[in-house]
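Residue numbers start at 1 and run along the sequence shown.
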Amino acid sequence: MKTLVIIAHPNLEGSRVNQRWTQELLRYPNDIAVHELYKAYPDWNIDVPREQHLLEAYDHVILQFPFYWYSYPPLLKKWFDEVWTYGWAYGSQGDKLKGTKLGLAMSIGDKKNNYVPEGSVSFTVDQLITPFVASARHAGAVALPYFAVFGASFRASDEEIDQSARDYIEHIFKHCGV
Ligand SMILES: Cc1cc2nc3c(=O)[nH]c(=O)nc-3n(C[C@H](O)[C@H](O)[C@H](O)COP(=O)(O)O)c2cc1C
């Protein structure tokens, strides 16, 4: 079963981690379909029926993005607001995401040991992504364990990023059963 990866990076060409991850994803065209939100909608005018049909076609969907202000980049937040509509994603008739396995893949600028209660961030990533988990549950979808690379801002070496790209593919194969 093919997995859909929706990438939301405002400047993928200037990115290190997400660009490398995207290159790696594109090596598996039989197993992974890639959809770049900022490329598809440079004017931020999201084609809602197109996005809904795309989601309906996949049982496994990964949302890939750089962690911005402990959350999504803005076009991905807009995508949730506009695509996950009443009567489609939720409400008495809204069952189109029911049973869909949904995961997050995030590049996170700061170090892993800051993402603990006693660290400078004060919260774990699991705590910070509770709005996503709650949204998935609200739509009857199943939230998968997240995948992340930390220290993505400047600390990670090229080798670490290469390794994270391989680990990311392994994560998709393990959790999405491709
Ligand atoms: C607007 C903005 C907000 C950011 N917010 C966070 C943040 O809340 N936590 C964090 O650890 N890193 C944060 N960062 C760092 C990014 O997560 C990091 O630059 C990105 O993951 C690197 O991935 P890339 O090489 O694919 O661009 C932020 C960066 C930008 C530009």
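- Scanning all heavy atoms of the two residues, the minimum distance from Ala148 to Ile108 falls at CB-CD1, 3.9 Å.
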Worksheet item: Does the pair Leu55 and Thr100 meet the rule for a side-chain contact (heavy atoms from CB on, under 4.5 Å), with working shown?
Response: CA-CA 9 Å; Leu55 287 169; Thr100 300; over 6 Å; no
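- Gln52 and Thr85 share a side-chain donor-acceptor pair at under 3.5 Å.
- Residues in residues 79-99 take part in these salt bridge (Lys or Arg N to Asp or Glu O under 4.0 Å) pairs, two or more places apart or across chains: Lys77-Asp81, Lys78-Glu82.
- As a member of the Ile/Leu/Val/Met/Phe/Trp/Tyr network built from side-chain separations under 4.5 Å, Tyr68 groups with nothing else and remains a singleton.
- Under the side-chain contact (heavy atoms from CB on, under 4.5 Å) criterion, Pro74 pairs with Tyr38, Trp44, sequence neighbours left out.
- Here the CG-CD distance, from Asp162 to Glu24, works out to 8.0 Å after rounding to the nearest 0.5 Å.
- A distance of 11.0 Å separates OH of Tyr58 from CD1 of Ile32, quoted to the nearest 0.5 Å.
- Counting heavy atoms from C-beta outward, Val149 and Asp167 have side chains that stay 4.5 Å or more apart.
- For Pro10 against Pro66, the heavy-atom pair with the smallest separation is CD-CG, 4.4 Å.
- Phe80 and Tyr72 have their aromatic ring centers within a separation under 6.0 angstrom.
- At a threshold of 4.5 Å between side-chain heavy atoms, the hydrophobic network of Ile, Leu, Val, Met, Phe, Trp and Tyr places Leu4 and Ile7 in two separate groups.
- Between Ile172 and Val5 the shortest side-chain heavy-atom distance falls below 4.5 Å.
- Atoms CG and CG, on Leu76 and Leu104 in that order, are 8.5 Å from each other to the nearest 0.5 Å.
- Linking ILVMFWY residues whenever their side-chain heavy atoms come closer than 4.5 Å, directly or via other members, places Leu63 and Met106 in the same cluster.
- Criterion: ILVMFWY side-chain heavy atoms under 4.5 Å apart, direct or through other members. Under it, Val34 and Leu54 are not part of a common hydrophobic cluster.
- Under 4.0 Å is where a charged nitrogen must lie from a carboxylate oxygen, and between Arg166 and Glu170 no such pair does.
- Residues Leu37 and Phe65 are not in side-chain contact: their nearest non-hydrogen atoms beyond the backbone lie 4.5 Å or more apart.
- Sorted by first and then second residue, the ring-ring contact (aromatic ring centres under 6.0 Å, His included) pairs with a member in residues 3-22 read Trp21-Phe147, Trp21-Tyr168; sequence neighbours excluded.
- In the hydrophobic cluster analysis, where Ile, Leu, Val, Met, Phe, Trp and Tyr join through side-chain heavy atoms closer than 4.5 angstrom, Trp79 is grouped together with Tyr146.
- Using a 4.5 Å heavy-atom cutoff, the side chains of His175 and Thr3 are not in contact.
- By the neighbour-count criterion of 12 heavy atoms within 6.0 Å, atom CD of Gln93 is sparsely surrounded, having that number or fewer from other residues, nucleotides or ligands.
- Within the structure, every pair that satisfies the ring-ring contact (aromatic ring centres under 6.0 Å, His included) test and touches residues 90-128, not counting sequence neighbours, is listed here: Tyr86-Tyr90, Tyr90-His138, Tyr115-Phe150.
- Remark: Cys176 SG to Lys2 NZ distance equals 13.5 Å, nearest 0.5 Å.
- With rounding to the nearest 0.5 Å, the separation of CG in Asn18 from CD in Glu36 is 10.0 Å.
- Ser153 is not listed as a side-chain neighbour of Asp110, based on a closest heavy-atom distance of 4.5 Å or more.
- For the atom pair Ile6 CD1 and Ile62 CD1, the distance stands at 10.0 Å (nearest 0.5 Å).
- Counting heavy atoms from C-beta outward, Asp47 and Tyr41 have side chains that approach closer than 4.5 Å.
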Discussion item. Under the criterion side-chain contact (heavy atoms from CB on, under 4.5 Å), I'd like the reasoning laid out for Val61 against Leu97: C-alpha separation, chi angles, the key distance, then a yes or no.
Written reply: CA-CA 10 Å; Val61 178; Leu97 292 172; over 6 Å; no
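- Using a 4.5 Å cut-off on side-chain heavy atoms (C-beta onward), Ile169 and Leu25 make contact.
- In terms of modelled atom types and a separation under 3.5 Å, the side chain of Ser15 and the main chain of Asn11 share no donor-acceptor contact.
- Phe67 and Tyr70 have perpendicular rings, their planes meeting at more than 60° on a 0 to 90° scale where under 30° would count as parallel.
- Under the 4.5 Å side-chain criterion, counting only non-hydrogen atoms from C-beta, Arg16 is in contact with Asp158.
- The side chain to side chain donor-acceptor pair (under 3.5 Å) search around His35 returns Glu51, not counting sequence neighbours.
- If you chain together hydrophobic residues whose side chains sit under 4.5 Å apart, Trp84 and Leu75 fall into the same group.
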